[in-house]
Participant: 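Below you will find the structure I want to go over with you.
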Number of protein chains: 2
Amino acid sequence: MNIKLSDNDFRRAEIFKCLSDPNRLQLIRLLYKNKKEMSCTELGEHLNLTLSTVSYHFKALRLAGLTNTIKDGRTKYVSLRYETFAKFLPGFLETLLID
Amino acid sequence: MNIKLSDNDFRRAEIFKCLSDPNRLQLIRLLYKNKKEMSCTELGEHLNLTLSTVSYHFKALRLAGLTNTIKDGRTKYVSLRYETFAKFLPGFLETLLID
DNA sequence: ACCATACTTTTATGAATATCAAACTATCAG
DNA sequence: CTGATAGTTTGATATTCATAAAAGTATGGT
C-alpha cells in the first residue's frame, strides 16, 4: 500500500518549503508588486536581514525554480519565474495583492 | 523600511509549512482524489507511517484550516476544506491530478 | 595596485520538525 | 466490567532550518 512520490511531488515540497518562510514570501511579493528585477541589497533593505541571510534565501528560491537571476557587473538581479508559478501554483501570485 | 506581516501572511506561512511535507501532500492528494472523508487509519495505511505520526500530521492540517474533521463513534473522518484552498491557493488542487 | 561594493560560502548556534514508542482517552462489543 | 479499536498526547531523538559573523570571490572605480 505504499505510494511512491513523483519527481514533481518533491519539486512541490521544495517550492512550498520556500514559501513557508515569511521573509521569502515577502521577497516574492515585492518582486511581484514591482514587476521588475531587484538586487539582493535592495530587497534586503526591505526586510531586517543581513546580506548573507538574504543570499541564503535567494539561493533557496533559485534552486526551487521560483526565481531567475541575471548578473550585471557585481550586482545580481532577481526576478520571478512565472512558468513555475503557473505550473504548480496557478492563481497564487494574484492572491498576494489582496492583503 | 520594515514591512509588517499581515495575519493572512502568517496564515499562508502555516499553510505552506503544511504542504511542504511530502507525506502531508500525499494525504491531501488522497483526500482530493477520493472526493470523500477518510479515516486516519485508512489514510495511514497508504503511507508507511504509524498512527501517532498520522495523527500529528492531521492536527497540523486541521490547525492550518486545510481540513475538516467529523467524529463518528471512535472514528474520525477527515475531508478537505475547499474554501481555504480557494482563498489561498486557487487552482492548486487540480494540479495534483496531473502527476 | 588598492580599496570599496555586491554577493557567496563556511561555520556556529539556537529553534523548529518529523518520527516513533509508550502512555493515555474515548468508544464500542460482548 | 473486560477487552479491543481509534485516535491523541507526551517524551525522546535525529534532522533540518534560519540567522549572523567571518572569511572568501568577483567586479568596479580611482
Participant: Treat primed atoms plus P, OP1 and OP2 as sugar-phosphate and everything else as base, then score nucleotides 22-30 of chain C 5' to 3': B for base contact with protein heavy atoms under 4.0 Å, S for sugar-phosphate contact only, - for none.
Facilitator: B---SBB--

Participant: Please state how far atom NZ in A:K17 lies from atom C1' in C:dA16, giving the value in whole angstrom units.
Facilitator: 12 Å

Participant: Using the C1' atoms of the five pairs at each end, what is the angle between the end axes of the helix from C:dA1-D:dT30 to C:dG30-D:dC1, to 10°?
Facilitator: 20°

Participant: Using modelled atom types only, decide if a donor and an acceptor are shared between the side chain of B:T84 and the backbone of B:G65 within a distance under 3.5 Å.
Facilitator: yes

Participant: To the nearest 0.5 Å, how far apart are CG in B:L66 and CG in B:L61?
Facilitator: 6.0 Å

Participant: Between A:S39 and A:K76, is there a donor-acceptor pair closer than 3.5 Å when you use the side chain of the first and the backbone of the second?
Facilitator: no

Participant: Using the test side-chain hydrogen bond (donor to acceptor under 3.5 Å, both in side chains), find all partners of B:R62 that sit at least two apart in sequence or belong to another chain.
Facilitator: none

Participant: Rounded off to whole Å, could you give me the CG-to-P distance for the A:D21 and C:dT17 pair?
Facilitator: 11 Å

Participant: Can you tell me how the ring of B:F92 sits relative to the ring of A:F16, calling it parallel under 30°, perpendicular over 60° and tilted otherwise?
Facilitator: perpendicular

Participant: Can you find a heavy atom in the side chain of B:L27 that is under 4.5 Å from one in the side chain of B:V78?
Facilitator: no

Participant: What I'd like to find out is whether the side chain of B:E37 reaches to under 4.5 Å of the side chain of B:N68, using heavy atoms alone.
Facilitator: no

Participant: Show your reasoning for whether side-chain hydrogen bond (donor to acceptor under 3.5 Å, both in side chains) applies to A:S55 and A:S52.
Facilitator: CA-CA 5 Å; A:S55 180; A:S52 75; over 6 Å; no

Participant: Expressed in angstrom and rounded to an integer, what is the separation of B:R24 atom CZ from C:dA18 atom C1'?
Facilitator: 8 Å

Participant: Any salt bridge linking A:R29 with B:D9? Criterion: basic side-chain nitrogen under 4.0 Å from a carboxylate oxygen.
Facilitator: yes

Participant: When you group the ILVMFWY residues by side-chain heavy-atom contacts below 4.5 Å and let the links chain together, are B:L19 and B:Y56 in the same group?
Facilitator: no

Participant: Of all residues at least two apart in sequence or in a different chain, which pass the side-chain contact (heavy atoms from CB on, under 4.5 Å) check with A:A60?
Facilitator: A:C18, A:R24

Participant: Going through the distances and angles, do B:S79 and B:T67 end up as a side chain to side chain contact (heavy atoms under 4.5 Å, CB included)?
Facilitator: CA-CA 5 Å; B:S79 59; B:T67 56; over 6 Å; no

Participant: Scan residues 53-63 of chain B against DNA chain C and write down, sorted by residue number, each residue with any heavy atom closer than 4.0 Å; if none is found, say none.
Facilitator: B:T53, B:Y56, B:H57

Participant: Any heavy-atom pair between the side chains of B:R12 and A:L96 that's under 4.5 Å?
Facilitator: yes

Participant: Taking any atom under 4.0 angstrom from a heavy atom of chain A, which nucleotides of DNA chain D are the first and last to qualify, 5' to 3'?
Facilitator: D:dC17 to D:dG28

